[in-house]
Amino acid sequence: MLDIKLIRENSEIVRDSLRKRGDDEKIQMLEELVGKDQQWRQSLDKANALKAERNKIAKQIAEVKKVGGDASEQIKRSAEIPKEIARLDDETIALKTRVDEILMRLPNILHESVPVGADDSANVEVKKWGKPKEFNFELKSHGELAESLGLADFDRATKVAGAGFNYLKGDLALLDLALMNYAINCMVNKGYTLIEPPFMMRRSAYEGVTDLADFENVMYKIEDEDLYLIATSEHPMAAMFMDEIIDEDKLPLKYVGFSTCFRREIGAHGVDTKGLFRMHQFNKVEQFIFCQPEDSWKYHEELQANTEAMFQALGLPYHVVNVCTGDIGNLAAKKYDIEVWFPRQGKYGEVTSCSNCTDYQARRLNIRTGKHGGDKKSVPHTLNNTAIATSRAMVAILENYQNADGTVTVPEVLRQYMGGKEKLGKV
RNA sequence: GCGAGGAUAGCCCAGCCUGGUAAGGCGCAGGAUUGCUAAUCCUGUGCUCUUUGAGCUCGGGGGUUCGAAUCCCCCUCCUCGCGCCA
């Protein structure tokens, strides 16, 4: 959520940012917001003047009655006011409701370095690491590899739960846990606090952490309960301090969360994405930071560096893209994606996403920072980045580490988490 | 699922029976006095607006009333106990 004061005083900043996104609908909403906000303040003023009069008379009545006098004259005058107040209040509330509604839907202001473009084809490569390995045999897709080694059973998962789920078996299930443990250890060693969060959240908390459109497209709702399955542990970590004031001496708060993630929307399945690439359910280790506003760009780079170090250690070639205006979403002011090399497809594909949400998410959640009991408060910045999402990391490992004989080598850094195993074994 | 008790400002807590417009403490900020990293005293303290002023704020919503933290109705959440349970 944007600061209403910023919109009142510098609406052109917001307008420019929306123009870069090419979002005409939101620009119209902004214009409506500016008008309604002004009307709201006028309406509020009128209502307040009337309430002031009512309060004054009520006070007189109290004083007259205290000394046993006759207040019937004042009571008669006062009795006429409430109806008019009610009418003005209705008007004021209606205006305010619309103002808030629009405020919740306007996206964050983009950082100046975000490239302008309509979709992901306009994302700009800012870094490249590692050389794709040359293979002298015909590559298998990760799905073929997993099934031929007996390490996944997509068909039975479909029978039991439908498309988008799977049974991981044997060494692949072990690899999933190894990736989780590896990512967690890396982050804990860097001083991040490990969090196992709730996997479900109330709607009121969820509205703070994400775009409302996600509820229809992405979220699973628990029937007859006010609960949604989380789409990422970013969400419960962000909501942790909802409606609180974080002691400024405690910032930055650096967290690493792990959870299973649940998403309804998984998109189309092609030959190469059959299997683990898009799932209704997957495991992910996620980094999250609350910090002082002036530090957030520094930590944005830190979060990105943390994740790159892990992919380097895993020996997976990747490049980093600066995500463009048309692909960045509502919350982030700037976003880097790591796209790892998928040899079978011969292209890079998204595996992580590093966002600086500036004060946008924290304001939605009503999180402030300052001294407890103090009167100077500001809105902290929030940032998040994937550490490792195991499903896509496993796709990358299966494809990049496959051998001519159909086996798959285990990346060295993961072996200590798999009992020293060097190859994924057949089940 | 049943029963009981709760929700008041950054935190703790009083007021509710008996309606008259949120007391006190902690913390925080400023000041006085003092001068061992201490103590004492004074003033201030949340939100909004078009800020010399006014309005709002006692979990949320509605009702009664000239006037509601207080009375009435509905709802939400929390805690404890019982039941169930990995």
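Everything numeric in this text was worked out from a predicted model, so none of it was measured. Here is the naming used below: chain letters follow the sequence lines, and residue numbers restart at 1 for every chain.
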Distance between the [atom1] atoms of [N] and [M], in whole angstroms?
N      : M      : atom1 : answer
B:rG81 : B:rU45 : P     : 42 Å
B:rG15 : B:rU70 : C1'   : 8 Å
B:rU64 : B:rC26 : C1'   : 39 Å
B:rC71 : B:rA14 : P     : 16 Å
B:rU50 : B:rC42 : C1'   : 35 Å
B:rU65 : B:rC28 : C1'   : 40 Å
B:rC11 : B:rC58 : C1'   : 16 Å
B:rA7  : B:rC85 : P     : 34 Å

For atom [atom1] of [X], is the number of surrounding heavy atoms from other residues, nucleotides or ligands below 6.0 Å larger than 12?
X      : atom1 : value
A:E32  : CD    : yes
A:R41  : CZ    : yes
A:R415 : CZ    : yes

Base paired to [N] (Watson-Crick or G-U; both N/O distances under 3.5 angstrom):
N      : value
B:rG83 : none
B:rA7  : B:rU76
B:rA14 : none
B:rC58 : none
B:rG44 : B:rC28
B:rU37 : none
B:rC49 : B:rG53
B:rG19 : none

Inset, instruction - Kindly say whether A:T386 contributes a backbone atom to a donor-acceptor pair with the side chain of A:T307 at under 3.5 angstrom? - result: yes
Nearest-Å distance for atom pair [atom1]/[atom2], residues [X] and [N]:
X      : N      : atom1 : atom2 : value
A:L227 : B:rC77 : CG    : C1'   : 13 Å
A:D243 : B:rC11 : CG    : C1'   : 16 Å
A:D89  : B:rU48 : CG    : P     : 18 Å
A:Q39  : B:rU50 : CD    : P     : 14 Å
A:L50  : B:rC49 : CG    : C1'   : 16 Å
A:E248 : B:rA29 : CD    : C1'   : 13 Å
A:L95  : B:rC49 : CG    : C1'   : 14 Å
A:M242 : B:rG10 : CE    : C1'   : 17 Å

Legend entry - Sugar-phosphate or base contact per nucleotide [nucleotides 53-63 of chain B; S, B, -; heavy atom under 4.0 Å]: -SSS-------
Legend entry - Between A:S233 and A:E286: side-chain donor-acceptor atoms closer than 3.5 Å: no
Could you list the donor-acceptor pairs under 3.5 angstrom formed by side chains in residues 417-427 of chain A, with sequence neighbours left out?
{"from": "A:Y417", "atom 1": "OH", "to": "A:N185", "atom 2": "ND2", "distance (Å)": "2.9"}
{"from": "A:K421", "atom 1": "NZ", "to": "A:D171", "atom 2": "OD1", "distance (Å)": "2.9"}

Legend entry - Closest-nucleotide ordering on RNA chain B, the 5'-leading residue of A:R202 and A:I245: A:I245
Legend entry - A:R15/A:E31 salt bridge by N-O under 4.0 Å criterion: yes
Inset, instruction - Scan A:R368 against the nucleic acid and name what it touches under 4.0 Å (heavy atoms): base, sugar-phosphate only, or nothing. - result: nothing
Inset, instruction - Give one of base, sugar-phosphate or nothing for A:E244, where a contact means two heavy atoms less than 4.0 Å apart. - result: nothing
Legend entry - Residue list, side chain to side chain contact (heavy atoms under 4.5 Å, CB included) with A:K96, at least two apart or on another chain: A:W40, A:D100
Legend entry - Residue that, paired with A:Q361, satisfies side-chain contact (heavy atoms from CB on, under 4.5 Å) out of A:T210, A:V379, A:L331, A:I367: A:L331
